[in-house]
K.L.:
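To start, I am sharing the structure in question, which I have written as structure tokens.
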Number of protein chains: 2
Amino acid sequence: MEKPVELNHSECMGILRPIRDALDVLNGKWKLPIIVALSFGEKRFTEIAREVHGITDRVLSKELQDLTMNGLVKRTVEDTFPVKVTYALTPHSKSLDEVIEALRKWGVLHREIILKGSSDE
Amino acid sequence: MEKPVELNHSECMGILRPIRDALDVLNGKWKLPIIVALSFGEKRFTEIAREVHGITDRVLSKELQDLTMNGLVKRTVEDTFPVKVTYALTPHSKSLDEVIEALRKWGVLHREIILKGSSDE
DNA sequence: CGGTATCCGATAGGATACTG
DNA sequence: CAGTATCCTATCGGATACCG
């Protein structure tokens, strides 16, 4: 029969937590470029590095680990010599498509609004 | 007649730019909590600070400036004494609802997937 | 080829104090 | 009340070198 611990609007029911989760998964400078690169088919480390211009090996390595841990990318090692490693999007990554499309559409709309610069939006 | 500057998949047509714009607008630890707080009606600086637990004045000030510059929040000064400043969401901010809902839904789905931890998603 | 190790600068954000 | 100023830390990402 305590006070209910000040459950206020912004926190109640953790509406925000899944949103943060989603943003975190996509966040950083390189996650989307890598996903887009892989959306054209599985690729090897060096291929991704070549297509995602400007990324360093160190950062690509880390980002691929993140994406893999989040179940969006599958890392496959073929035990040849030298080893051949391929990265591919998982089926789960497909579920991101709607999110990305929503973001893209809003980004386009937002740019129009901002450029118009009308103070009466 | 130069080489067309290596327009590869991930960059062509700037698919990524609007997505980055959208992510940038929502990014950081506090943007969403502030938006949610304001979604219940206009509020004053101190009210927001009280409802968004853990934010400091310095950061709230900066975030409100960002949101205002992005046309999502309107700052109104009533010239009383002492001055009364209110912050409210703009109509444009309504267009974010679909994006936020897409993120939220995916965040929930993603958490289920990750918790199941199946390697065969 | 597919990374890791090391170092380093920039930025995000927290703590605290102060002001009109 | 509505912030700004200052300082500080942690994390992000870039540069470069090296390894099996």
Side-chain angles (χ1 to χ4, degrees), chain A residues 10-11 16 19-38 41-70 73-89, chain B residues 10-11 16 19-38 41-70 73-89:
Chain A
S10 14
E11 295 187 315
L16 289 173
I19 306 176
R20 273 257 56 85
D21 287 351
L23 288 173
D24 288 346
V25 167
L26 295 180
N27 234 345
K29 191 170 171 180
W30 300 108
K31 303 257 173 35
L32 262 309
I34 292 170
I35 290 174
V36 171
L38 288 176
E42 67 170 34
K43 291 200 166 57
R44 304 179 60 170
F45 188 90
T46 316
E47 291 181 284
I48 306 172
R50 200 180 324 114
E51 295 188 13
V52 179
H53 300 305
I55 198 168
T56 63
D57 291 352
R58 179 190 169 288
V59 172
L60 177 55
S61 175
K62 189 203 155 282
E63 297 292 69
L64 285 171
Q65 286 177 34
D66 285 0
L67 292 169
T68 302
M69 284 194 320
N70 276 314
V73 164
K74 178 86 183 302
R75 179 179 187 268
T76 307
V77 182
E78 286 173 47
D79 205 355
T80 56
F81 179 79
V83 288
K84 179 178 174 183
V85 181
T86 57
Y87 294 90
L89 293 182
Chain B
S10 15
E11 296 188 314
L16 291 173
I19 306 175
R20 273 256 60 83
D21 287 350
L23 287 174
D24 288 347
V25 167
L26 295 179
N27 235 344
K29 190 170 172 180
W30 300 109
K31 303 257 171 38
L32 262 309
I34 292 169
I35 290 174
V36 172
L38 288 177
E42 66 169 35
K43 291 198 165 59
R44 305 180 60 170
F45 188 90
T46 315
E47 291 182 283
I48 306 172
R50 201 181 323 113
E51 294 188 13
V52 179
H53 300 303
I55 199 169
T56 63
D57 290 351
R58 179 189 168 288
V59 172
L60 177 55
S61 175
K62 188 201 156 284
E63 297 293 70
L64 285 171
Q65 285 176 32
D66 285 359
L67 292 169
T68 302
M69 284 194 318
N70 277 313
V73 165
K74 178 85 184 302
R75 179 179 187 269
T76 306
V77 183
E78 286 173 49
D79 204 356
T80 56
F81 181 78
V83 287
K84 179 177 174 185
V85 180
T86 57
Y87 293 90
L89 294 182

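Naming convention: chains lettered A, B, ... in sequence-line order (proteins, then strands); numbering from 1 in each chain.
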K.L.:
At under 4.0 Å, does any side-chain N or O of S61(A) touch on OP1 or OP2 of dT4(C)?
P.N.:
yes
K.L.:
Whole-Å distance between dG13(D) P and I55(A) CD1?
P.N.:
9 Å
K.L.:
Would you check if the side chain of E51(A) reaches a backbone N or O of I48(A) as a donor-acceptor pair within less than 3.5 Å?
P.N.:
no
K.L.:
Output the rounded distance in Å from NZ (K84(A)) to C1' (dG3(C)).
P.N.:
17 Å
K.L.:
Is G28(A) touching bases, backbone alone, or none of the nucleic acid, heavy atoms closer than 4.0 Å?
P.N.:
sugar-phosphate
K.L.:
Which pair of non-hydrogen atoms, one from Y87(B) and one from R75(B), has the smallest distance, and what is that distance?
P.N.:
OH-NE, 3.2 Å
K.L.:
Closest-nucleotide mapping onto DNA chain C: is P82(A) or K62(A) further toward the 5' terminus? I mean the 5' end.
P.N.:
P82(A)
K.L.:
Is the backbone N or O of L64(B) less than 3.5 Å from a side-chain atom of T68(B), with the two atoms forming a donor-acceptor pair by type?
P.N.:
yes
K.L.:
Figure out the CD1/P separation between I34(A) and dG3(C), and round it to whole Å.
P.N.:
12 Å
K.L.:
Quick check for you: among dT6(D), dT4(D), dG14(D), whose closest atom lies nearest to any side-chain atom of D57(B)?
P.N.:
dT4(D)
K.L.:
Rounded to the Å, how far apart are N27(B) CG and dT11(C) P?
P.N.:
16 Å
K.L.:
Verify the contact: side-chain N or O of T56(A) to OP1 or OP2 of dA15(D), cut-off strictly under 4.0 Å; return yes or no.
P.N.:
no
K.L.:
Please answer whether the main-chain N or O of A37(B) pairs with a side-chain N or O of K43(B) as donor and acceptor at a distance below 3.5 Å.
P.N.:
yes
K.L.:
With a cut-off of less than 4.0 Å, is there a side-chain N or O of R44(B) near OP1 or OP2 of dA2(D)?
P.N.:
yes
K.L.:
Write down the distance between CZ (R58(A)) and C1' (dT6(C)), rounded to a whole number of angstrom.
P.N.:
9 Å
K.L.:
Check whether any side-chain nitrogen or oxygen of R75(B) sits under 4.0 Å from OP1 or OP2 of dG3(D), and answer yes or no.
P.N.:
yes
K.L.:
Does dG3(D) have OP1 or OP2 under 4.0 Å away from a side-chain N or O of Y87(B)?
P.N.:
yes
K.L.:
Give the nucleotide from the list dA15(D), dG13(C), dG2(C) with an atom nearest to the side chain of F45(A).
P.N.:
dG2(C)
K.L.:
Nearest whole angstrom, please: distance from the C1' of dG3(D) to the CG of L60(B).
P.N.:
9 Å
K.L.:
Whole Å only: how far is the NE2 atom of H53(A) from the P atom of dG13(D)?
P.N.:
19 Å
K.L.:
Could you check how far CD of E47(A) sits from C1' of dC1(C), rounded to whole Å?
P.N.:
11 Å
K.L.:
Please tell me if Q65(B) has a side-chain N or O lying less than 4.0 Å from either OP1 or OP2 of dA2(D).
P.N.:
no
K.L.:
Does any N or O in the side chain of E63(A) come within less than 3.5 Å of the main-chain N or O of L60(A), such that one atom is a donor and the other an acceptor?
P.N.:
no
